[in-house]
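See structure below.
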Amino acid sequence: MTSKDIRKQFLSFFGDKGHKIVPSAPMVIKDDPTLLFTNAGMNQFKEFFLGNSTIKNPRVVDTQKCLRVSGKHNDLEEVGKDTYHHTMFEMLGNWSFGDYFKEEAIKWAWELLTEVFKIDKDSLYVSVFEGSDDADQLGIDQEAYDLWKAIVPEDRIIMGNKKDNFWEMGDQGPCGPCSEIHVDLRSAEEKARVSGASLVNADHPLVVEIWNLVFMQYNRKADGKLESLPAKHVDTGMGFERLCMVLQGVKSNYDTDVFKPIIREIEAITHKKYGADEKTDIAIRVIADHIRAVSFSIADGQLPSNTGAGYVIRRILRRAIRYGFTFLDTKGPFMYRLVNILTNTMGEAFPELKEQKQLIENVIKEEEHSFLNTLEQGLVLLDQVIAGTKGTEIDGRKAFELYDTYGFPIDLTALILSEKGYSLDEAGFEKAMQEQKNRSKSASEVSKEDWVVLADDVEQEFVGYDMLEANVKLVKYRKVTSKKAGEQYQLVFNLTPFYAEGGGQVGDKGYLEAPNGDVIYILDTKKENNEIIHFAKNLPKNLNETFKAVVDKKQRRRTEANHTATHLLHQALRQVLGTHVEQKGSAVHSKYLRFDFSHFAKLTAEQLNEVENFVNARIEGRLPFEENRKVPMKEALEQGAMALFGEKYGDTVRTVRFGQSIELCGGTHVKNTADIWHFKIKSESAVAAGIRRIEAITSDAVKDFFEENNKTLQGIKEVLHNAQDPIKAVSSLQEENARLKKEVENLLKEKAKNLKGELKNELEEVNGVKFLAKKVDLDAGGIKDLSFEMGNNEDNLFLLFGTEQNGKALLSCYISKNLVAERELNAGVIVRELGKYIQGGGGGQPFFATAGGKKPEGIDEALAKAKDYIK
Ligand code: ATP
Ligand code: MG
């Protein structure tokens, strides 16, 4: 059975049982402060478990792109070393939101595995939560036990502890006991020798967990206590690649048709064989795995970068490059060459890969180039560290610096060191690493109290498309504390005119007014688990009153101008540059807008001009705002609206139209493009390979910008004595300046020539040396020329010149080469010693050296001492 068939069968099995088949949510999470990447199928459904959203489909089935490389679930270090953990993997899941519970979940899982997929029952084990005698005081999951007992022999049911059989998303939130299904892939002899039951959850590569059925029935509160959820849910997750391994009769995920083609390609590129040597195999597995994680992330719009999720991706890519570099002898970029085969194998199920193949290749190739440079630099730096080390142990902090500042992998450092006969102070490295982790953790740590619920209200209404003021009631609130913002309150209302940050647009600010006139400022608005959360420094006195919620109109109006301009800019770029342009990120603030898009070259001045004109023509065209708040997704796409990669859309979407520009958009906009007033591009730059960035301004900001420019121009005109044509005036000044410079140069040359003649006559014969120590009025270059010219014509010269330039002193010493040799004189030593008279220092070569200093009054004294050196 091919992996494609397996995926399809899973979906249709549950589809036939009344489940709606939904697409995977993006792997990169953009609107959840607690999570960078989707790490389980349940992430996208959190709002339903928490009861924040109305459940439209109580039964759902999907395959979810997951990435487990950071936070609570981090498998990175396992990947490549074992054969069944990946960074990026697909999690197949069936879901019940307040609908069926343990009975159906267990029955159907068993039916699918043993009857549809025909996995041998004797190779399966199931586990049940055994209860806990800690603070939670949970009993054994008897219900699950009894359900399993009806279909599985009792000796195949394993009691599991809290670590394995109680699933929690995080420190707070929905959780519950779970039943896992494990499969034993060992040979019959092995099975006879050691019982499979003893190997469950024991990290055996052939006795692995494939499916986890979680029964969500509790909510973990901030104080650690559990409360029962009002509705009970089912959340299951089955590792797709592991299932393929079982059904395709192989012993490693990497031997399935999901990975084999990629591995073949790696073999072809590197001329190494998979299966011949453990180290080579690990490297090949790491690369085959990581190319998926990196490609899917770029397809979701997350490029490698220096911070946050982008940094995680950069590290994954670098880990793969470095395995190739060390174990497969790859010396140049090679990872990008795997994108083609990946797209061929997975592009059908995940079309975002196919459509962005070129971009993914470009980005990866550029990253590879720059990391290989870093590696080279790192090797040089490491040599310096080694040279500066006494003994054979390298300071762990130095290694950490290489790792942290230059991205030089620590395992590579250790390897190189051992090859050179040095060792690494690992404890020191770990300590430095831990210190940094603590620093960044405490900076980002947020502690949240439980919500205080005042009224039950499932879904709040956002009324801010139509009004900027509304009467609201507080539904719930909680206190949150972080280092960055101190103590704040998060408020949720029954309805709100405040726009929550999203789709690139900033959250609204404003205030809340109580009936007695008391005011509370709303500092920001954000969305979390589909709830609109308002941030305030304090709470209203009387929580149950009706408040007037008022949005800061000025900020909102400017932000809207920028948002509408962003749509027009997007349209303009596709018009001017071509339809390969895709939005890759956008930030809509009140003061400016920023738009990232795929395009392969820098925009020319003409193109920028054209884009600006295109947008401004549509502003002048007074295009009205037309929206449709509830269009079926399919219909919206047919109308020509473009969906963004890496964005999550519902079944129905909102479309926003200005003339020919149609976008799927939840943001707020001007009522007519004329309200934008004017659009001005301020900069165009590169963000990554194949990604450009435009920053622009509109409305008031353009006025400010023109005023600022105008002021500068007035200033320039004034300085130019109100010249009619300042450009002409400046260029004629420049010409004049160039001419004068040339003249001065000639005069100086002349002067030096004359001086040479004069000075020749002043040479004094001291101890067989032609000696001169004198203050001259030349700059450093002039003195050097003079000295060398004099030296060209005679031997036995000892010259010391002093000069004062711009309040600073300079000493310059020239000694003929024959004297340097015969009398062991050294100009470098001499200027350094004489430098003390001018409070300075310097150096150079034995026959010519200079010293600069802060004390021109000392020049005479220094000159007076010169003769001592030849006496
Ligand atoms: P394991 O103990 O093997 O790490 P887990 O307990 O972390 O698994 P869950 O969080 O329950 O796994 O995830 C559900 C399913 O997803 C697992 O049964 C497994 O089949 C699959 N899975 C989990 N982590 C990975 C991974 N890193 N790579 C591939 N599949 C995975
Ligand atoms: Mg795990």
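Residue indices begin at 1 and follow the sequence shown. Every number for a ligand or one of its atoms is a count from 1 in the order of the listing. Worth knowing before you read on, the calculation uses all heavy atoms, side chains too, and leaves out hydrogens, waters and symmetry mates.
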Sort and list the pairs that fulfil ring pair (Phe, Tyr, Trp, His ring centres under 6.0 Å) and have at least one residue in residues 277-316, not counting sequence neighbours.
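Every pair satisfying ring pair (Phe, Tyr, Trp, His ring centres under 6.0 Å) with a residue in residues 277-316: F296-F350.
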
Pairs where residues 216-254 contributes a residue and the test ring pair (Phe, Tyr, Trp, His ring centres under 6.0 Å) is met, not counting sequence neighbours:
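Counting only pairs at least two positions apart or across chains, the ring pair (Phe, Tyr, Trp, His ring centres under 6.0 Å) contacts touching residues 216-254 are F49-H233, H86-Y254, Y254-F259.
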
Compute the ring centroids of F48 and W95, then answer whether they are less than 6.0 Å apart.
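Judged by ring-centre distance (under 6.0 Å), F48 and W95 do not meet the cut-off.
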
Going from CG on D300 to CD on Q356, what distance comes out if it is rounded to the nearest 0.5 angstrom?
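CD of Q356 is found 8.5 Å from CG of D300.
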
So is K17 actually on top of F13's ring, under 6.0 Å and inside 45° of the axis?
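Ring-cation test returns yes.
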
Which pairs, with at least one residue in residues 187-211 and sequence neighbours excluded, count as a salt bridge (charged side-chain N to carboxylate O under 4.0 Å, His left out)?
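Sorted result for residues 187-211: E190-R193.
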
Identify the protein atoms, limited to N or O, that lie within less than 3.5 Å of an N or O atom of ligand 1, and list each pair with its distance to 0.1 Å.
unit_1, atom_1, unit_2, atom_2, d
ligand 1, 3 (O), H85, NE2, 3.4
ligand 1, 3 (O), R242, NH1, 3.0
ligand 1, 3 (O), R242, NH2, 3.1
ligand 1, 4 (O), H85, NE2, 2.6
ligand 1, 6 (O), E209, OE1, 3.2
ligand 1, 7 (O), R68, NH1, 3.1
ligand 1, 10 (O), R68, NH1, 3.0
ligand 1, 10 (O), R68, NH2, 2.9
ligand 1, 11 (O), E209, OE2, 3.2
ligand 1, 11 (O), N212, ND2, 2.8
ligand 1, 18 (O), E209, OE2, 2.7
ligand 1, 18 (O), I210, O, 3.3
ligand 1, 20 (O), E209, O, 3.4
ligand 1, 20 (O), I210, O, 2.9
ligand 1, 20 (O), G239, N, 3.0
ligand 1, 24 (N), R68, NH1, 3.3
ligand 1, 27 (N), D75, OD2, 2.6
ligand 1, 27 (N), H86, N, 3.4
ligand 1, 27 (N), H86, O, 2.9
ligand 1, 28 (N), H86, N, 2.8

